[in-house]
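Okay, structure first, notes after.
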Number of protein chains: 2
Amino acid sequence: MRRSEIEAYRAQYEKELFESVVPFWERHSFDRECGGYFSCIDRDGTIFDTDKFLWMQGRELWGFSKLYNAVRPEVRWLDAARLGADFLREHGKAPNGDWYFALDRSGRPLVQPYNIFSDCFCAAAFAGYSKASGEEWARDLAIGGYRRIQERKSDPKGVWTKQISKNRPIKAMAMPMIQLWLAEEFADLIPEAELKPIVDASVDQVLGLHIDRKQHVVFERMFADGSHPDCMEGRLLNPGHALETLWLVLRVAEARGDRGMIEDIGQVMLWTVERGWDEKYGGIFYYQDFKGFPTEKLESSMKLWWVHVEAIMAFLLAYKLTGKEIYETWFRRIHDWTWTHFPDPVSGEWFGYLDRQGEVALTLKGGKWKGFFHVPRALLNCATWFGEMETSCTPSGEYRAPEARKTGASA
Amino acid sequence: MRRSEIEAYRAQYEKELFESVVPFWERHSFDRECGGYFSCIDRDGTIFDTDKFLWMQGRELWGFSKLYNAVRPEVRWLDAARLGADFLREHGKAPNGDWYFALDRSGRPLVQPYNIFSDCFCAAAFAGYSKASGEEWARDLAIGGYRRIQERKSDPKGVWTKQISKNRPIKAMAMPMIQLWLAEEFADLIPEAELKPIVDASVDQVLGLHIDRKQHVVFERMFADGSHPDCMEGRLLNPGHALETLWLVLRVAEARGDRGMIEDIGQVMLWTVERGWDEKYGGIFYYQDFKGFPTEKLESSMKLWWVHVEAIMAFLLAYKLTGKEIYETWFRRIHDWTWTHFPDPVSGEWFGYLDRQGEVALTLKGGKWKGFFHVPRALLNCATWFGEMETSCTPSGEYRAPEARKTGASA
């Protein structure tokens, strides 16, 4: 990639973040009356549901805190964060200290705290908010939340568990994935000695258990012995989730300076995208069955926004770390399809749910599961990474990845 | 409709039932090794998952018992029923007496008995099987199951309930719907004095609460005072479920001989199908939002087999009971679209999941939610109703509905 292209990409990602996505949520999502955020927002900004889903509340609080901490200390972003932080502090926790799944607009609980990912997003949210605001209570909520997640992680649904795990003791990839993200978010708040074993165990589970190197695939659900049940849930592939996990592992490999691990993860990313890419219509499938049987998910062939932005991050980061053309090729392919299909130039922000052909299936910009999170996180990360790449170009303007520089290659 | 057409329709529905659908399940679904039925069956008969989902086990036991009881006492249908009955009797119940949601192939429980519809399908199944087999234990299971459902119905998910209903006390239409079906199935086993109040209350809930006569719509979820929350779950429409419920209510109206109620229900069916029909591609949507906002269901625009066969039954029954042309028109329209898109002439049985355009989205013939139930039930009911209609034609061969005959109309 040439420096001029890198600069153009950075400008594109920054412009979209600051001129389309952030303003959309600033215009439409703040509930000034009851506190917290609206997340169910139709194409043009119409609020079509006022319930407060904790994943979405936590994610938006995380997002505005991140802008304040990582971009610049804009007072309006801190105010936006405070709107969610105060609401969550007042209404979000069940008597047992875990975070509810959903509240009504005014904060009355609607759905029990059965879902540990509510806790994960709220913990990361308060980690960011405590840094932005300096408030001690937010720091305590963050750290307490992080440690409570570690206590709950082996039995995340508690009394609401419907699976009888002794008869099918499955280990899922969602927990190690979120642990890797949480560890990044808590680097300033939790001692390294406490974080490192969690990160190491999460990386080991992904590399040692979920990646099947014989069959060139990442399985979501495994038995501890490395086998997996030959049934719908055992064969279910989720390429977007695999790529999200893999870029988080890639960040660990980068921090460790482990070139072999970087190469290895890059290879697994290629297996994943080559299998997950829709050759007929373009884009990446939501779900697949490893053997090609029907999945139990009716929406398997749909094209989802988060799948695509996670894939963009994965291949951009792999290219940034290695300079290899194959990652650049995939980055460009996914970037082109994504930017052609998801952004809404009329009202701003991105559509989330396209059918297989790439047509908008649901017109929402935010809903129960889509909020102020994946798109801004990806735009910000990519802009940052492009910015770092600009400083690593040769005098003639060609990008040179770290390893290539070390081995003395020149343009 | 003319007698010749009625005969042709009856022949079509019977041929499909006995030459395509029943043989497919006879060929592929019997687990002779472990007992019970395979329900996850791909296009050509390949079993892609051997788990035993109790909805599907109960439904298939119900289906083969029904064939034996209602069509003719074929020994092989009783044998097929016994295969499921013995498996369910041995493995299906949790220690507390409720039916598990899922077992593995050998019968070990995988998912707790959180779902009262497992109990509903198993109760109806054993009602039919006890009649077919004459076995006392099956009769006891059926009657005990029916009465346990009445105990559980106000708190169907028990300890697995995640909704905090005091803050949003919603009444759903699924329970009255299934009660109406169960009452038909238990007519020989439960005293009329016990059934009637349940039927009356279910009909009253549908007519008085879920049907909104001002807005011409059937809502799935209501508050007891007739309002409903203006949110995704409150506005969710499910036209197939509404039509399924309405034809079960129509059966009650028929039994009561209540012409006004029949006219009323027919009108509600028209509101439902006029709103639910896809003018662009044909077929009936799976889900809709009352105000046209995005639903929380990604699969909303898909076309599902059960939606269409329930709609066929609804309009055929309405036509049979009234002779009105508008119901005949809708019956023909839905019949034509359904028979053009769902049946698989290559390997038999019907596809279940089409995309909005009517293309096969999932190739399965059976899965976690599609089994030996909706298609054979509809084919059998429609064949029976056509058979009854043949006997109600004028000498010149025109169908005359009961009321028309009573008022002395002649051809």
Side-chain angles (χ1 to χ4, degrees), chain A residues 40 42-43 46 48-51 94 100-105 108-115 157 159-168 229-235 286 289 291-302 304 352-353 355-357 359 361-365 367-369, chain B residues 40 42-43 46 48-51 94 100-105 108-115 157 159-168 229-235 286 289 291-302 304 352-353 355-357 359 361-365 367-369:
Chain A
C40 296
D42 207 0
R43 164 175 228 152
T46 305
F48 61 90
D49 192 317
T50 60
D51 287 351
Y100 285 115
F101 181 77
L103 312 171
D104 71 7
R105 183 180 175 186
R108 292 187 313 163
L110 292 176
V111 181
Q112 299 283 8
Y114 77 94
N115 191 299
K157 291 194 178 176
V159 298
W160 293 283
T161 306
K162 294 184 293 194
Q163 307 295 323
I164 300 170
S165 63
K166 73 179 165 66
N167 289 331
R168 186 170 284 168
D230 187 9
C231 62
M232 287 186 283
E233 63 176 334
R235 291 192 308 264
Y286 188 11
D289 180 279
K291 291 187 174 173
F293 288 120
T295 69
E296 64 173 286
K297 311 284 188 180
L298 305 194
E299 64 272 31
S300 290
S301 69
M302 291 178 75
L304 269 67
Y353 302 92
D355 65 16
R356 183 178 171 188
Q357 292 78 14
E359 299 293 316
L362 300 179
T363 54
L364 62 83
K365 300 291 176 54
K368 190 171 175 180
W369 306 105
Chain B
C40 295
D42 208 359
R43 163 176 227 151
T46 305
F48 61 90
D49 192 317
T50 61
D51 287 350
Y100 286 114
F101 181 77
L103 312 170
D104 71 8
R105 183 180 174 186
R108 291 187 312 164
L110 291 177
V111 181
Q112 298 284 8
Y114 76 94
N115 189 299
K157 292 195 178 176
V159 297
W160 293 283
T161 306
K162 294 183 293 194
Q163 306 295 323
I164 300 170
S165 62
K166 73 179 166 65
N167 288 333
R168 186 171 285 169
D230 187 10
C231 62
M232 286 187 284
E233 64 176 334
R235 291 191 309 264
Y286 187 12
D289 180 279
K291 291 187 174 173
F293 287 119
T295 70
E296 65 173 285
K297 312 282 189 182
L298 305 195
E299 64 272 31
S300 291
S301 70
M302 291 178 75
L304 269 67
Y353 301 93
D355 64 17
R356 183 178 171 188
Q357 291 77 14
E359 299 292 317
L362 298 180
T363 55
L364 63 83
K365 300 293 176 53
K368 189 171 176 180
W369 306 105

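Below, read A as the first sequence line, B as the second, and so on, with proteins coming before strands; counting in each chain starts at 1.
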With a 4.5 angstrom heavy-atom cut-off, which part of E299(B) approaches chain A: side chain, backbone, both or neither? side chain

Criterion side chain to side chain contact (heavy atoms under 4.5 Å, CB included) against D49(A), the qualifying member of M232(B), E296(B), E233(B): M232(B)

With a 4.0 Å cut-off on N to O distance, would you call D42(A) and K291(B) a salt bridge? no

Between M302(A) and chain B, which part of the residue has a heavy atom less than 4.5 Å away: side chain, backbone, both or neither? side chain

If one checks every heavy atom of T50(A) against chain B at 4.5 Å, the contacting part turns out to be neither

Counting heavy-atom pairs under 4.5 Å with chain B, which one of D289(A), L298(A), D104(A) comes out on top? L298(A)

With only heavy atoms counted, which part of F48(B) is less than 4.5 Å from chain A, the side chain, the backbone, both or neither? both

Looking only at heavy atoms, the pair that brings W160(A) and V159(B) closest together is CD1-O, 3.9 Å

Taking every heavy-atom pair that is under 4.5 Å apart, which of T295(A), N167(A), T161(A) has the most such pairs with chain B? N167(A)

Which bit of Y353(A) is near chain B, if near means a heavy-atom gap under 4.5 Å: side chain, backbone, both or neither? side chain

With a 4.5 angstrom heavy-atom cut-off, is it the side chain or the backbone of R235(A) that approaches chain B, or both, or neither? side chain

Please classify the contact between Y286(A) and chain B as side chain, backbone, both or neither, with a heavy-atom cut-off of under 4.5 Å. side chain

Interchain contact, S301(B) with chain A, by part (heavy-atom threshold 4.5 Å): neither

Residue R43(B) versus chain A: region with a heavy atom under 4.5 Å: neither

